Amino acid sequence: MADEKQTKRYFVSGNVQGVGYRFFVQRVAEKLGISGFARNLFDGRVEVFATGSPAQLAELRTALERGPRFSSVSGVREEAAEPSPRFEKRFVIEPNA
């Protein structure tokens with residue numbers, strides 16, 4: 001089924017902290033109807049956990065690669081993840097990890 005939900009975890013590298021990247025991801029995810037979270041990692045990357053249809057996740061990935069105006073994305077690593085009931089209804093910004 002093309003509309004079956006999937007969950008993915010993205011690790012975004014580059015100049016992605018202190019430039020509004022997590023808030024950019026939250027706006028894009030809400031617009032696309034994706035649930036999950038974004039948070040800064042101590043190594044300078046941003047982690048994005050997202051649940052949506054394959055088409056929604058493909059659009060999110062394109063946005064993650066572009067980033068907001070003052071960011072500079074050098075890479076996006078993607079992996080499959082298990083859905084979490086905690087993040088099934090909305091997209092939030094989580095505390096730093």
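Source: prediction; values computed, not measured.
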K.L.:
Counting only N and O atoms by type, is there a donor-acceptor contact under 3.5 Å from the side chain of Q17 to the main-chain atoms of L41?
P.N.:
yes
K.L.:
Is there a side-chain contact between F23 and I93 (heavy atoms, below 4.5 Å)?
P.N.:
yes
K.L.:
F49 vs F37 aromatic rings, parallel, tilted or perpendicular, using cut-offs 30° and 60°?
P.N.:
parallel
K.L.:
Give the C-alpha distance, both sets of side-chain angles, the deciding distance and a yes or no for side chain to side chain contact (heavy atoms under 4.5 Å, CB included) between R86 and E94.
P.N.:
CA-CA 12 Å; R86 183 170 166 219; E94 283 284 286; 3.1 Å; yes
K.L.:
Checking E59 against T62: is there a side-chain donor and acceptor pair closer than 3.5 Å?
P.N.:
no
K.L.:
Got S13 and R45 here, is their nearest side-chain heavy-atom distance under 4.5 Å?
P.N.:
yes
K.L.:
Please report the shortest heavy-atom distance between A50 and I34, naming the atom on each side.
P.N.:
CB-CG2, 3.7 Å
K.L.:
Could you tell me which non-hydrogen atom of Q6 sits nearest to which non-hydrogen atom of P54, and how far apart they are?
P.N.:
NE2-CG, 3.6 Å
K.L.:
Any idea which heavy atoms bring V19 and P68 closest together, and the distance?
P.N.:
O-CG, 3.9 Å
K.L.:
Are any of the side-chain heavy atoms of V73 and V12 separated by less than 4.5 Å?
P.N.:
yes
K.L.:
Which atom names give the shortest non-hydrogen contact between R22 and N96, and what distance separates them?
P.N.:
NH1-OD1, 3.8 Å
K.L.:
Taking the side chain as everything from C-beta on, heavy atoms only, tell me whether V46 gets closer than 4.5 Å to R39.
P.N.:
no
K.L.:
Where is the tightest heavy-atom contact between L57 and G52, given as atom of each residue plus distance?
P.N.:
CD1-O, 3.7 Å
K.L.:
With respect to K8, which candidate in E78, E79, E47 satisfies the salt bridge (Lys or Arg N to Asp or Glu O under 4.0 Å) definition?
P.N.:
E78
K.L.:
With the side chain counted from C-beta on, respond yes when F91 and L32 share a heavy-atom pair under 4.5 Å apart, and no when they do not.
P.N.:
no
K.L.:
I need the E82 CD to T7 OG1 distance, nearest 0.5 Å.
P.N.:
7.5 Å
K.L.:
Do V76 and R61 come within less than 4.5 Å of each other through their side chains, counting heavy atoms only?
P.N.:
yes
K.L.:
A side-chain contact here means heavy atoms from C-beta on lying under 4.5 Å apart; do F87 and V92 qualify?
P.N.:
yes
K.L.:
Is there side-chain contact between L60 and V28, with at least one heavy-atom pair below 4.5 Å?
P.N.:
yes
K.L.:
When rounded to the nearest 0.5 angstrom, what distance separates OH in Y21 from CD in Q26?
P.N.:
13.5 Å
